[in-house]
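Working notes, structure below.
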Protein chains: 2
Amino acid sequence: MFSIQQISDRLLEKDIKPSFQRIKIYDFLLKNNIHPNIEMIYNNLTKDIPTLSKTTIYNTLKNFEEKGLIISVNIDEKEIRYDARLITHGHFKCVKCGEIYDFDYNHDKLKIKGLPDFEIKKTDLNIKGVCPKCK
Amino acid sequence: MFSIQQISDRLLEKDIKPSFQRIKIYDFLLKNNIHPNIEMIYNNLTKDIPTLSKTTIYNTLKNFEEKGLIISVNIDEKEIRYDARLITHGHFKCVKCGEIYDFDYNHDKLKIKGLPDFEIKKTDLNIKGVCPKCK
DNA sequence: AACATAATTGTAATGATTACAAATTTAAAT
DNA sequence: ATTTAAATTTGTAATCATTACAATTATGTT
């Protein structure tokens, strides 16, 4: 699916040195489109990397986001979720099962009024509700 | 601006008993459209109510939100902000000064695709960037 | 007034995140 | 190849916001 070479190149594009841990963490985000939080990443990767530290995950994700490699999903006050998908899309979180779904929307039609001289860096469209499985 | 009577009635409409603390907290939210966090509310109200406890503010705001009297603004991972304005609007947070601005957008034009059988409870449009003052 | 119920308060516990220093790894230079 | 320097990772300790909980206070009812 994604070769180590591809992942390394992608990291280098963003000025991130492709260390073993960084490659593994980014690889996990690419392969698992579950918008994981720190805990999920930790639990999954310690199987392969028993010495992995949570501090590394915290630092790595912060670094990834600053460099524009991933985005953070701030849909719930309790936790930050992370997403390697960079094209504009919204997030839906089911309040029952907790799963986060991606959805598309027409960003150009937003017609935002009242922000004439504001410099926009990040736009988040977050929806909460109940998913079909839980209804 | 808002009489105690008006505030009491509004609380009662939402099945919230109008205690002294609840009236004061809601009054503060109505008069100060600054999307305050817990700390801001606490610092401002302890002037008038020296015995006020943070626990009360936490409990009250949770109660208010559950009853649909206010909304929580989850634009920053570090803190929850609160807003008494209920009509649909978006939030812009300046990453430099931290101020949160309201803005309007055309919610009907969102054209959300991919959520056919999802039950939507809450929609948040959050934008981060730099405000005109800080540019 | 006495009782029951609800709300508020203060303190202690929890738990996620961060700071920091030591250890390890990687890269560069000789 | 060995040494040196720099960067990364790790583990522990500290921090700090939030929550749990029990005691106190206030409110309302018979």
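Just so it is clear, the structure is predicted and the values come from calculations on it, not from any experiment. Labels below follow one simple rule: chain letters A, B, ... track the order of the sequence lines, proteins then strands, and each chain is numbered from 1.
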Distance (rounded to the nearest 0.5 Å) between L45(B) CG and L52(B) CG: 6.0 Å
Considering every strand and a 4.0 Å limit on heavy-atom distances, what is the contact class for T51(A): base, sugar-phosphate, or nothing? sugar-phosphate
Expressed as a whole number of angstroms, how long is the span from I57(B):CD1 to dT9(C):P? 9 Å
Residues at least two apart in sequence or cross-chain that pass ring-ring contact (aromatic ring centres under 6.0 Å, His included) with H89(A), listed by chain then number, are H91(A)
Contact boundaries on DNA chain D for chain A, cut-off under 4.0 Å to non-hydrogen atoms: dA7(D) to dT19(D)
State which residues pass ring-ring contact (aromatic ring centres under 6.0 Å, His included) with Y101(A); sequence neighbours excluded, sorted by chain then number. F118(B)
Do I70(A) and D83(A) make a side-chain contact, defined as non-hydrogen atoms from C-beta onward lying under 4.5 Å apart? no
Using heavy atoms to find the nearest nucleotide of DNA chain C for N59(A) and P50(B) separately, return the residue whose nucleotide is more 5′. P50(B)
Atom pairs, N/O to N/O, protein against nucleotides 22-25 of chain C, distance under 3.5 Å?
none

For S3(B) and Q6(B), indicate whether the former's side chain and the latter's backbone hold a donor-acceptor pair under 3.5 Å. yes
Tell me if a side-chain donor or acceptor on N32(A) pairs with a main-chain N or O of I34(A) at a distance below 3.5 Å. no
Mind checking whether R81(B) and M40(B) have side chains closer than 4.5 Å, heavy atoms only? yes
Over how many whole Å does the gap from Y42(A) atom OH to dA16(C) atom C1' extend? 14 Å
Any K128(B) side-chain heavy atom under 4.5 Å of F92(B) side chain: no
Quick one, which residues of residues 10-39 of chain B touch DNA chain C with a heavy atom under 4.0 Å? K17(B), S19(B), Q21(B), R22(B)
Counting only side-chain nitrogens and oxygens, does T56(B) get under 4.0 Å of the OP1 or OP2 atom of dT9(C)? yes
Is the shortest side-chain heavy-atom distance between K122(A) and I127(B) below 4.5 Å? no
Listed by chain and number, what are the salt bridge (charged side-chain N to carboxylate O under 4.0 Å, His left out) partners of K17(B), not counting sequence neighbours? none
By the 4.0 Å heavy-atom rule, please label K78(A) as base, sugar-phosphate, or nothing. sugar-phosphate
So, is Y58(A) close to the dT17(C) phosphate, meaning a side-chain N or O under 4.0 Å from OP1 or OP2? yes
Of all the choices, dT18(C), dG10(C), dT8(C), which nucleotide is nearest to the side chain of K62(A) once you look at every atom? dT18(C)
Let me know which of E66(B), K67(B), E65(B) forms a side-chain hydrogen bond (donor to acceptor under 3.5 Å, both in side chains) with N63(B). K67(B)
